[in-house]
Amino acid sequence: MKETEKISFMQSRLLKWFESNQRFFSWRQPNLSNYQIIISEVLLQRTKAETVSKLYDQFITKYPDWDSLHNAILFDIETFLRPAGLYKQKASRLYMLAKYMVENEGKLPKERSELNKLPFMGQYIANAVELQIFNKRMPLLDINMARVLERYFGPRKLSDIRYDPYLQDLALKIVDHSRSKEVSWAILDFSASICKKRNPLCCSCPLSKNCLYFKLHSIDC
DNA sequence: AAGACGGGGAC
DNA sequence: GTCCCAGTCTT
């Protein structure tokens with residue numbers, strides 16, 4: 001089977017699966033502010049989406065925009081974020097981002113090279129900004145999307161996702177679709193409930209027919 | 001390339 | 001008790 005066929009099979013099956021299995025989060029609603037989108041992505045780092053969902057709405061109510069965050073006391077932000085884990089880092093990152101955004105009158109640079117210069121703007125969040133704010137077909141490539149792609153297509157060569165050209169290329173191809181955002185969300189939701197790190201549910205998987213991991217492990221359903 | 005950051009939920 | 005989670009920066 002050609003790679004392009006394998007890719008379109010994955011896209012269509014995942015989008016179909018997503019229709020009836022998607023998770024609903026506040027940060028996926030339409031018409032969010034840039035602030036709301038970026039806050040969600042920082043809070044989600046290395047943290048389960050379900051955990052973030054418990055405090056995200058309250059956070060946005062308490063700190064509705066960059067100004068309010070910039071005027072807040074760092075310790076208070078830390079305290080609020082404590083249940084989410086990595087709270088000192090997240091509080092500090094949000095505070096620094098707020099400082100940058102206030103100083104730049106709330107404007108985000110459109111050039112990727114300039115975007116990368118923002119404090120704590122790593123590859124993942126920069127992709128998320130381009131996808132959700134600038135409507136570009138960029139992947140939400142985290143360890144979960146990486147795992148799904150690697151099981152289906154085969155493992156990467158380098159340990160660091162960001163520097164593996166094979167994985168980067170695959171991720172770009174899989175989200176090169178008119179419903180790019182939904183493809184990324186579908187993969188994330190799919191990775192959380194079916195293609196889990198531990199005990200993946202291969203016998204309930206709509207991709208197993210073409211999945212390399214499924215073949216290699218001779219899974220019998 | 002490896003370490004640090006981290007509480008909470010799943011198993 | 002152990003593993004894992006919409007990463008990123010520092011050493």
Side-chain angles (χ1 to χ4, degrees), chain A residues 14 18 21-29 32 34-60 74-75 77-100 112 115-133 136-151 156-164 167-168 170-172 174-175 180-201 204:
Chain A
L14 282 178
F18 188 64
N21 296 284
Q22 67 176 298
R23 299 179 291 181
F24 289 90
F25 297 119
S26 303
W27 55 87
R28 284 187 183 174
Q29 288 172 358
L32 295 187
N34 294 354
Y35 172 79
Q36 289 171 305
I37 290 168
I38 294 174
I39 294 297
S40 73
E41 298 299 348
V42 172
L43 296 188
L44 284 163
Q45 291 178 347
R46 299 292 298 166
T47 309
K48 285 188 168 66
E50 285 75 8
T51 303
V52 174
S53 69
K54 287 175 187 161
L55 49 78
Y56 177 77
D57 288 342
Q58 285 182 61
F59 188 94
I60 296 299
L74 186 57
F75 180 79
I77 306 174
E78 287 181 0
T79 303
F80 192 95
L81 294 180
R82 201 174 205 293
L86 297 177
Y87 59 96
K88 288 187 178 176
Q89 277 194 12
K90 286 171 182 167
S92 166
R93 286 174 187 189
L94 291 177
Y95 192 78
M96 295 290 288
L97 275 170
K99 181 175 161 63
Y100 175 93
R112 176 66 180 238
L115 194 58
N116 287 337
K117 291 177 184 168
L118 267 67
F120 311 108
M121 183 66 59
Q123 187 192 62
Y124 175 86
I125 296 198
N127 279 0
V129 167
E130 290 197 304
L131 172 68
Q132 302 182 68
I133 297 177
K136 299 182 78 171
R137 295 181 179 182
M138 296 299 283
L140 296 176
L141 179 54
D142 69 333
I143 52 171
N144 299 297
M145 183 184 287
R147 180 179 62 253
V148 173
L149 292 175
E150 288 181 88
R151 282 184 176 159
R156 63 179 184 259
K157 302 287 181 291
L158 305 180
S159 61
D160 195 322
I161 293 169
R162 294 169 299 172
Y163 302 130
D164 190 306
L167 201 53
Q168 292 288 330
L170 269 182
L172 280 173
I174 205 68
V175 300
S180 184
K181 202 190 309 186
E182 287 171 271
V183 172
S184 270
W185 286 345
I187 293 178
L188 293 178
D189 290 358
F190 177 74
S191 73
S193 60
I194 305 289
C195 198
K196 300 178 293 181
K197 170 83 171 173
R198 285 190 299 183
N199 305 321
L201 306 181
S204 305

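Lettering follows sequence order; numbering is per chain, from 1. A quick note: this is a predicted structure, and the numbers were derived from the prediction, not measured.
- Taking the P atoms as reference points, dC3(C) lies 15 Å from dG3(B), given to the whole Å.
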Under 4.0 Å protein heavy-atom contact, by nucleotide of nucleotides 2-11 of chain B - B base, S sugar-phosphate only: ---BBSBS--
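- Taking atom C1' in both dT2(C) and dG6(B), the straight-line distance is 15 Å, to the nearest Å.
- For Ala146(A), the side-chain contact (heavy atoms from CB on, under 4.5 Å) criterion is met by Leu141(A), Glu150(A), Arg156(A), Ile161(A), Leu167(A), not counting sequence neighbours.
- Screening residues 34-48 of chain A for salt bridge (Lys or Arg N to Asp or Glu O under 4.0 Å), with sequence neighbours left out, gives no hits.
- Residues passing the side-chain hydrogen bond (donor to acceptor under 3.5 Å, both in side chains) test with Arg151(A), sequence neighbours excluded: none.
- Within the 4.0 angstrom heavy-atom criterion, only backbone atoms of the sugar-phosphate kind lie near Gln123(A); the bases stay farther away.
- By the salt bridge (Lys or Arg N to Asp or Glu O under 4.0 Å) test, Asp189(A) is found to be paired with Arg23(A), Arg28(A), residues two or more places apart in sequence or in another chain being considered.
- Heavy atoms of Leu43(A) sit nowhere under 4.0 angstrom from any nucleic acid atom.
- Near-neighbour residues of DNA chain C inside residues 124-133 of chain A, defined by a heavy atom below 4.0 Å, number-ordered: Tyr124(A), Ile125(A).
- In this pair, Tyr56(A) and Trp27(A) present their aromatic rings perpendicular. The plane angle is above 60°, beyond the 30 to 60° band.
- Rounded to an integer number of Å, the gap from CG of Leu141(A) to P of dA6(C) is 14 Å.
- Leu188(A) comes within 4.0 angstrom of a nucleotide base, judged by non-hydrogen atoms across all strands.
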